[in-house]
K.L.:
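Would you mind keeping the following structure in view while I ask a few things?
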Amino acid sequence: MIKQNNKYPLTWKKDNFSIKIFCSIPNIATGILLKTRSSHFIIDPGDGILRDLNKEIGTQNILEISDIFISHGHHDHIGGVWSLLTYLRVMNKKSPLSIYFPKGCVEIGSIYNAFKKVYSKTISYEIILQEIGHTKAFKRKSVLIKPFPVIHKEYLHDIDKTRQVPALGYTFTYQGKKICYGGDTAYCKELVLNAKKSHLAILEAGHADETPNEMHMTLAEAKSIGETAKEYFLVHVPE
Ligand SMILES: [Zn+2]
Ligand SMILES: [Zn+2]
């Protein structure tokens, strides 16, 4: 069952497990908050994430954020990382922060290195970079997280070619409810498998027309996967 289409924020809640998609607009920004009874996770902190988090959960809860999950390094998914890291330093965060990202995603390492260089010994909290080059499930704060590879390419204007971007989707399972987030992806079997029977599938339909390619899914492709989940959101639809 499709929930809503392209009207932000999108929210979904089952018992103590909820997700709020502040926005997901291709080439502009994504920002997602995942909540359980005792934790706040961020998924794809694009530009504007700090403003949205401040309004939604306030400073104290922002300071308690323990984990950030990155699907890939495109700016519309990580544009808010710098301001988030800096804000946490300014507000004197003490608990560690883990950042999960696909192996080979150089953007996160570069932002981290620049942040360390600029603020050197005045960073109040530990940042743990977790580069993911596997599909093994792991647990954080009672949430089972399973990364899976997806196919996402980008266009290089200068040589008129496309290239594969390191990209992951994730499933998050908590108290028997599973959310599947595909990130940016073309239609691929890993996404089909992981979205199937999930309680909520968040699927991008970022392709502007109905001719399939290897960058984004068409509306028809995204819907066909969404129909295999209990509920689904279509996101990243061009405006
Ligand atoms: Zn994107
Ligand atoms: Zn992308």
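First listed ligand is number 1; within each ligand, the first listed atom is number 1. When a residue number appears, it is its place in the shown sequence, counting from 1.
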K.L.:
Keeping to distances under 2.8 Å, can you name the protein N/O/S atoms close to the Zn ion (ligand 2)?
P.N.:
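Hits for the Zn ion (ligand 2) below 2.8 Å: His72 NE2, His74 ND1, His152 NE2, Asp184 OD2.
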
K.L.:
Does the Lys13 side chain pair with the main chain of Asp15, one donor and one acceptor, at a distance under 3.5 Å?
P.N.:
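Yes: the side chain of Lys13 pairs with the backbone of Asp15.
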
K.L.:
Is the ring centre of Tyr170 less than 6.0 Å from the ring centre of Tyr181?
P.N.:
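No, they do not, as the ring centres are separated by 6.0 Å or more.
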
K.L.:
Hey, mind stepping through His74 and Asp184 against side-chain hydrogen bond (donor to acceptor under 3.5 Å, both in side chains) and telling me if it holds?
P.N.:
CA-CA 9 Å; His74 282 159; Asp184 280 7; 4.6 Å; no

K.L.:
Here's a test for you: under side-chain contact (heavy atoms from CB on, under 4.5 Å), which of Asp67, Ile145, Leu168, Ile70 qualifies with Tyr100?
P.N.:
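Between Tyr100 and the candidates, side-chain contact (heavy atoms from CB on, under 4.5 Å) is satisfied uniquely by Asp67.
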
K.L.:
Does a donor on one side chain sit under 3.5 Å from an acceptor on the other, for Ser71 and Asp44?
P.N.:
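Short answer, yes.
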
K.L.:
Between Glu231 and Lys14, does any NZ, NE, NH1 or NH2 come within less than 4.0 Å of an OD or OE carboxylate oxygen?
P.N.:
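A salt bridge links Lys14 with Glu231.
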
